[in-house]
Amino acid sequence: MQYCDVTTALETLRGLEGKLAAYNHAMGVLSLDATSAAPKGSGEGRGRTMAILSEVVYGIIADPENEPLLSFLEKQELDPQAKREVELWRKSFNQISRIPAKEYIDYTVLINDAQDVWLQAKQDNHFALFAPYLEKIVEYNRKFAGYYHPEMKPYDALLNEYEEGLNTEMLDGFFAKLREELVPLISKIKAAKAPEDSFLHKYYPLDKQREFSDYLMEVLGLDRNHCGIAETEHPYTTNFNCYDVRITTHYQEHDLASSMYSVIHEGGHAIYELGCDPKYNYTVLSGGVSMGIHESQSRFFENIIGRSEPFIRHIFPKVQELFPEQLQGVDAHMFWKAVNKAGPSLVRTEADELTYCMHIMVRYELEKRLIDGSLAVNDLPQAWNEMYQKYLGIEVPDDRNGCLQDSHWSGGSIGYFPSYALGSAYGPQMLAFMEKDLGDIWQDVERGDLSRIKGWLGEHFHRHAGFYKPGVLFEMTCGKFDPTYYTDYLKKKYADLYNL
Ligand code: ZN
């Protein structure tokens with residue numbers, strides 16, 4: 001097809017974007033259903049539906065007709081939003097049209113099956129069940145990396161999918177800095193007296209915990225008309241547009257903090273998504289720009305706000321009202337110390353703020369080796385256990401609490417984990433610039449008023465959705481990324497907590 005006027009060409013492009021958004025919406029609802037409400041035996045039919053829908057999505061993006069459309073638009077004077085839409089379409093078109101249709105569809109089916117198998121393997125503590133699936137997922141990802149960015153090292157190409165511009169060179173340096181600054185701090189804390197936290201592990205009935213989640217969502221200012229909550233094995237957030245965002249959590253009867261901080265973490269993701277400018281809805285610019293920026297928001301609310309003493313002082317009366325027996329003799333200060341207890345542990349999602357990045361480092365090193373072929377999938381459990389020994393000084397008793405714990409690899413996300421560490425490190429730098437603009441924010445937090453904080457993040461980050469590249473968006477407000485903000489923040493926080 002030949003295009004001769006910009007308006008028609010843009011209308012065509014936006015039509016495609018609308019269609020793409022609709023199919024992604026439908027597939028997102030199916031995935032949410034699969035992980036939350038669907039009965040166990042429902043996988044087959046869903047797999048077929050997913051295969052058909054993915055084929056349509058593939059067809060929309062990889063349609064050869066897009067080539068003349070994009071070429072035409074690339075030559076026009078466009079407004080900045082349209083220009084960025086074309087840029088992102090070009091990126092997807094080039095990437096996906098290099099993947100043969102059959103491989104793309106087979107992969108989608110593989111991922112759908114792998115998630116059920118992973119869950120079974122985790123429940124049965126049986127890595128060998130999942131291994132053949134992971135082998136195929138690694139193989140596909142290696143192949144896809146070559147399609148995405150043939151000029152890059154395969155793992156760099158995968159990193160780039162989650163955080164444009166990120167590479168192993170930068171991450172090797174970043175993790176080296178964290179090791180250098182944090183390992184001595186972790187050993188000091190190991191030697192110090194641990195705060196009492198046994199009250200967090202008393203029996204906490206699930207119905208009361210559900211009430212607690214509702215309360216936390218209220219404190220975070222999440223509008224329940226636009227943000228739902230469901231229960232899944234592994235907590236996550238999914239967004240369909242800025243008016244429909246869903247978070248999930250996982251309750252544990254003997255761990256109050258587990259779901260509490262999942263809700264606040266996923267709530268942070270949701271605040272970002274709900275704060276995107278509606279003008280980007282149903283376009284390729286819709287939603288958060290990158291995993292790194294996303295994690296900076298979730299971890300900002302989870303750790304910087306949610307694990308601060310002023311926040312705990314605000315919520316504590318309600319926590320006590322919900323759980324009077326469990327928290328008898330406990331005050332807000334004790335509760336604050338307990339939720340900040342640090343020390344090596346097995347499970348990433350329950351790790352404290354200080355040791356968290358060590359968990360990420362393990363996954364980063366292992367992914368790098370899986371993709372470059374220097375580590376075989378069958379040797380993964382052993383390599384995993386060795387690294388936990390080396391970096392965290394901890395014995396891994398079984399694969400359920402080891403290499404089977406996360407859902408990322410079964411979902412095909414290789415190269416995603418480093419964005420968690422990067423996001424954690426972005427947060428304290430954002431806080432420093434926020435405090436420069438707003439002055440003291442902690443009185444607001446203690447009153448339970450997060451409006452100025454959310455307003456500042458919304459103004460500088462959320463509303464822009466996918467309009468700016470992540471690095472540009474960050475630097476516009478915070479200047480060049482410097483992990484010293486992060487290491488200084490941790491050193492100060494833990495010195496206070498542990499009287500070091
Ligand atoms: Zn997250």
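All of these numbers come straight from a predicted model, not from anything done at the bench. As the structure lists them, so they are numbered: ligands from 1, and atoms in each ligand from 1.
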Lys143 to Tyr140 six-membered ring, cation-pi geometry met (6.0 Å, 45°): yes
Stacked cation flag Lys436 on Phe433, 6.0 angstrom / 45 deg: yes
Over-ring placement of Arg307 relative to Phe301, 6.0 Å and 45° cut-offs: no
Contacts of the Zn ion (ligand 1) with protein N/O/S atoms, counting only those under 2.8 Å: His265 NE2, His269 NE2, Glu295 OE2
Test applied, ring pair (Phe, Tyr, Trp, His ring centres under 6.0 Å); reference residue, Phe316; option that passes from Phe323, Phe311, Phe335: Phe335
Cation-pi geometry met for Lys368 and Tyr155 (6.0 Å, 45°): no
Member of Thr249, Leu200, Ile315 meeting the side-chain contact (heavy atoms from CB on, under 4.5 Å) criterion with Met260: Ile315
